[in-house]
Protein chains: 2
Amino acid sequence: MTAKRAPATEARLRLNRERVLRTAIRLADEGGIERLTMRKLGEELGVEAMSLYNHVSNKEDLLNGMIDAVFGEIELPSHGDDWKTAMRKRSVSVRDMLSRHPWANGLMDSGTNPGPATLRHHDRVLGTFRNGGFSIAMTAHAFAALDSYIYGFARQEKGLPFDGGEQAAATAQTMLAHLPVDEYPYLVELMAKHVLQRGYDYSNEFTFGLDLVLDGLERARDSGQADA
Amino acid sequence: MTAKRAPATEARLRLNRERVLRTAIRLADEGGIERLTMRKLGEELGVEAMSLYNHVSNKEDLLNGMIDAVFGEIELPSHGDDWKTAMRKRSVSVRDMLSRHPWANGLMDSGTNPGPATLRHHDRVLGTFRNGGFSIAMTAHAFAALDSYIYGFARQEKGLPFDGGEQAAATAQTMLAHLPVDEYPYLVELMAKHVLQRGYDYSNEFTFGLDLVLDGLERARDSGQADA
DNA sequence: TGGACAAGCTTACAACGTACATGTAGCCTA
DNA sequence: TAGGCTACATGTACGTTGTAAGCTTGTCCA
């Protein structure tokens, strides 16, 4: 058993930061962020929990690393497109990332220091606005407005009792049955005449708001009201 | 010590759900949601942790109760105003609530079942749109777009390394010093020429996006493109 | 051959949510 | 006035969490 370069009794592959992060992301995707514990992550990697600390300095570092990794999945705004289509594509890409990794949205506020992928992403977004003819001040406005909408939408989507889809209709149905019609008439109306209609899917609302914001930004840029 | 109606050796006031919730909210406001533990909450109320379970069924119930309580703080859209000013006022009120209780934003996605204050609030918002001439489908769009923006903005604000204000400028300063200019030119530009300018405050961005969304909604309502 | 060093393991601890059993104060009925 | 019911507070305990500290071991260079 003292073989120098033996085929590693069990072909045990070495741990490294990337493997730790990738596995952590998978666990969080599958079972939710609250099920991601150091022990479970270790187990998944065939290793004791404490061994992970050779590759991440603590759990916060792990979470920050995960955030930066999923930021790297977002499609950067392309230089080839005009600013509006470029931003539209990357916005949809952000949203896709957030539905692949729903835990990411709730984590980013705790992430004080952004990683390199995050910084690169933001830089490219800002650059797209600047090259699209936005002043610096208007770029700041645009960035704030657009990303607020995108992340806010993902947040809402997660919190809503009705997700759209088949089995969610049942949820809405029972919820509707328990709602006092005279106390919440408009909620009841919306549920009955809209949410419960065949084919309703809340996620379809995304592009409506996205275009609304993008069009609004274009108008604001052109009227140039906000150089202050 | 067997006095029947003695002035209660220590004037100990009885616990009740409202007092528990109010104290929990204060603790979360002061020290962040992660410092709110059952033991600390009990201590703050002069009571053992387990006593709390006579008034909340578990920690999740406590958190849900807190959410509904702060929802009750939001100014409902007034029937007197036209839809746009009414929604503008309530949007600002939501934002104010979220800066008083920053923890609330991160908690609402886990809150599966909304409380009465939450339901009433949503009902009034929907009603304001309906009475403002929005179709049912457009009301759904409007609700999704507007609230996504509001909650998303609060979320962004919390996560940003630069908050605006005096001491935050210093943070931005050092951050700027560590950023490689050639790698993140637009980030550097924004920081140097905008964020670090005297009087910059990210929170001022809120009304820009708010008006952008409200104006966009008005336009969408009038063109009535979305009855589908 | 030896010894340094990185990486994994073992043990341990404090803080958390909360189950369960026990105590007790105050009101209702007899 | 006595007895007992109910609501609420306590005490103790367990399993799970993140992680500090020290130990062991496999690998590589001198």
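By convention in this document, chain letters (A, B, ...) are assigned in the order of the sequence lines, proteins followed by strands, and residues within each chain are numbered from 1.
- Heavy atoms of other residues, nucleotides or ligands lying less than 6.0 angstrom from CZ of A:Arg35 number 12 at most.
- A residue-by-residue look at A:Arg35 and B:Glu48 shows that B:Glu48 has its nearest nucleotide of DNA chain D further toward the 5' end.
- In this structure, CZ of A:Arg39 is placed 13 Å from P of C:dT10, rounded to the nearest angstrom.
- Distance B:Glu34 CD to C:dG17 P: 12 Å, rounded to the nearest Å.
- The backbone N or O of B:Ala192 lies less than 3.5 Å from a partner atom in the side chain of B:Gln197, making a donor-acceptor pair.
- When rounded to the nearest whole Å, the span between NZ of A:Lys40 and P of D:dG15 equals 16 Å.
- Remark: A:Arg95 is positioned above the aromatic ring of A:Phe206, its terminal NZ or CZ atom under 6.0 angstrom from the ring centre and at most 45 degrees off the axis.
- Closest to the B:Thr37 side chain, of the nucleotides C:dT18, C:dG17, D:dT17, is C:dG17.
- Taking the side chain of B:Met38 as heavy atoms from C-beta on, and the options C:dG17, D:dT10, D:dG18, the nearest nucleotide is C:dG17.
- Remark: A:Arg155 is positioned above the aromatic ring of B:Tyr151, its terminal NZ or CZ atom under 6.0 angstrom from the ring centre and at most 45 degrees off the axis.
- By the neighbour-count criterion of 12 heavy atoms within 6.0 Å, atom CZ of B:Arg90 is densely surrounded, having more than that number from other residues, nucleotides or ligands.
- Under a 3.5 Å cut-off, the side chain of B:Ser148 and the backbone N or O of B:Ala144 do form a donor-acceptor pair.
- Residues from residues 51-59 of chain A placing a heavy atom under 4.0 Å of any atom in DNA chain D, listed by number, are A:Tyr53, A:Asn58, A:Lys59.
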